[in-house]
Q: 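Dumping the structure here so I can ask a few things about it.
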Amino acid sequence: RLWWSYLSVVDEYSGWILPATLKGLKIVHGQRIDLIIATGPPFSSAVLASILSRITGKKLILDYRDPWPTFRWNKLNRVIEKWATRRASAIVFCTDIMMQRFLDANDTISPEQTHVITNGHDEIKSVVPISLKNGKEKTILYAGNFYGQRCLTLILEPLRALIDEGSLALSDITIHVFGSLIDEDQKFLEKHNLWKLVEVHDFVDHSTIIKYMKGADVLFLPSGSDVSYALPFKAFDYLSVKRPILALTPPESALSDFMKSVDCGVLADINSPEEIKKCLSGLIHSNKTYSFAGSDRYLWSDLAKKYSLILAGQLDKEDVVDL
C-alpha cells in the first residue's frame, strides 16, 4: 500500500523499469531490434520503451488499450505520459473516441501519428448451438460480471413495465446469466417477485459459452459512461456467433459507434428506461433478422493486416520483407 500510494510513480509495476531497461538494452543490441512496441496498461511499459528508444535511437510504437489517465491520474503521471508519447513515431488506440480524446489533450501530437486498431473476432463457421429454452419463450443471455453501470436492473425495470401493462407475460421470456447478480439486481427481483424471469448459471469455459450464445435469441450488452471510450470484448464474441445484440450505452460512446457500424441488433440509451423498453419489446415480439453487414471490418485477420501496415511504415524498406 505504501509503494502504491507514494513510491510507484506510474503504476504498481514501476519497480521493473530500471532492471528491464538494462535487460532491454542487451536485447536491442544483441538481436538487432529495429522497432520497439509497448502496450498498456500497465503504462510503466511505455516509460520503459521510451527510455530504450531514446538510448538506442530505435523507433517506438505505443499501443493504448485504455487511456493512461484513466488507469492512474496525477499531475506527475500526466507529465510522464507527454514525455513518453513525444518519442513515439506512431500511437495506436483501440477506439476512435479514445484516440480523439488523446489528441484533444495532447496538441503536440499530430493526427497522422495516431491509428485505431480495435479488438476483433474470428469468423466461426460451425458452432453447434446449445438452447436454454424451456418452451416457446425468448431467451436473453449475459455472461460475465456486473459492475459500475452494468447491471441487470437496466432491463428488469423495463420488462416489469411491459408485464404490468399486459404486453408481456412472465412466461414469454427468460434471462440467463452466466455469472452472479449484484445486490441491486437481487433486491429488485425480490421486491417485484420477478425471480421467474432469471436463471443464474455458473461460469463456463469460452468454447462452451460461445455455444450458449449461439443458441440465445438476444445477447445483452451494457456499457456505462464510466467506460464510454471502450468497446467491451464481449461485443466481438457476440459478433462471432451472429445473434441479435441489445446494446445499452450512452449516445456518445465507442459502443454506440460500433452498433451503428454493423447491422447486428438494437441500440438504446443506457439512461433511458423508456427507450430500453421499446427496444426490448421489439426484440421479444418480432422475429427480425440482422445481416451483420459491416462485421468483417472487425475480423482479426483484417485487423492484423492493418497493424502490419502501421509496422511497415515505421521500418526501413529492407526490413519490410520480413513482415
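Keep in mind it's a predicted model, so treat the numbers as computed, not measured. What's counted below: heavy atoms across the whole structure, side chains too, no hydrogens, waters or symmetry copies.
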Q: Please say whether the positively charged group of R78, taken as NZ for Lys or CZ for Arg, lies over the ring of W68, i.e. under 6.0 angstrom from the six-membered ring centre and within 45 degrees of the axis.
A: no
Q: Report yes or no: is the cationic atom of K234 (NZ for Lys, CZ for Arg) closer than 6.0 Å to the six-membered ring centre of Y142, at no more than 45° off its axis?
A: yes
Q: Do other residues, nucleotides or ligands put more than 12 heavy atoms under 6.0 Å from the NZ atom of K278?
A: no
Q: Are L299 and L239 linked, directly or through intermediate hydrophobic residues, by side-chain heavy-atom contacts shorter than 4.5 Å (ILVMFWY only)?
A: no
Q: How about NZ on K82, more than 12 heavy atoms from neighbouring residues, nucleotides or ligands closer than 6.0 Å, or not?
A: yes
Q: Going by atom types alone, do N106 and T108 pair a side-chain donor with an acceptor below 3.5 Å?
A: no
Q: Taking K138 for its side chain and L283 for its backbone only, find out whether a donor-acceptor pair lies under 3.5 Å.
A: yes
Q: Per the ring pair (Phe, Tyr, Trp, His ring centres under 6.0 Å) rule, which among F258, F233, F292, Y238 passes with Y298?
A: F258
Q: If hydrophobic clusters are built by linking Ile, Leu, Val, Met, Phe, Trp and Tyr wherever their side-chain heavy atoms come under 4.5 Å apart, do F220 and V204 end up in the same one?
A: yes
Q: Can you check whether S228's main-chain N or O pairs, donor with acceptor, with S253's side chain at less than 3.5 Å?
A: no
Q: Answer yes or no: does atom CD of E199 have more than 12 heavy-atom neighbours from other residues, nucleotides or ligands under 6.0 Å?
A: yes
Q: May I ask you to check whether over 12 heavy atoms, not counting those of N193, lie within 6.0 Å of atom CG?
A: no
Q: Between H201 and F178, does the ring centroid distance fall short of 6.0 Å?
A: yes
Q: Does E137 reach the main-chain N or O of G135 with its side chain, forming a donor-acceptor pair under 3.5 Å?
A: yes
Q: How long is the gap from CD1 on I163 to CG on L170, to the nearest 0.5 Å?
A: 4.5 Å
Q: Other residues, nucleotides and ligands only: do more than 12 of their heavy atoms fall within 6.0 Å of NZ on K133?
A: yes
Q: Using the rule that Ile, Leu, Val, Met, Phe, Trp and Tyr join whenever any side-chain heavy atoms are under 4.5 Å apart, tell me whether F203 and V198 fall into a single cluster.
A: no
Q: Is a side-chain N or O of D185 found less than 3.5 angstrom from the main chain of L152, in a donor-acceptor match?
A: yes
Q: Flag the pair T249 / L267 as yes when at least one side-chain heavy-atom distance between them is below 4.5 Å, and no otherwise.
A: yes
Q: Do E165 and K277 meet the salt-bridge criterion of a basic N to acidic O distance under 4.0 Å?
A: yes
Q: Please check if Y147 and I270 belong to a single hydrophobic cluster, counting links between Ile, Leu, Val, Met, Phe, Trp and Tyr side chain heavy atoms closer than 4.5 Å.
A: no
Q: To the nearest 0.5 Å, tell me how far W195 CH2 sits from E190 CD.
A: 6.5 Å
Q: Are S225 and Q149 close enough that a side-chain donor and a side-chain acceptor fall under 3.5 Å?
A: yes
Q: Tell me whether D202 at atom CG has more than 12 heavy atoms from other residues, nucleotides or ligands lying less than 6.0 Å away.
A: no
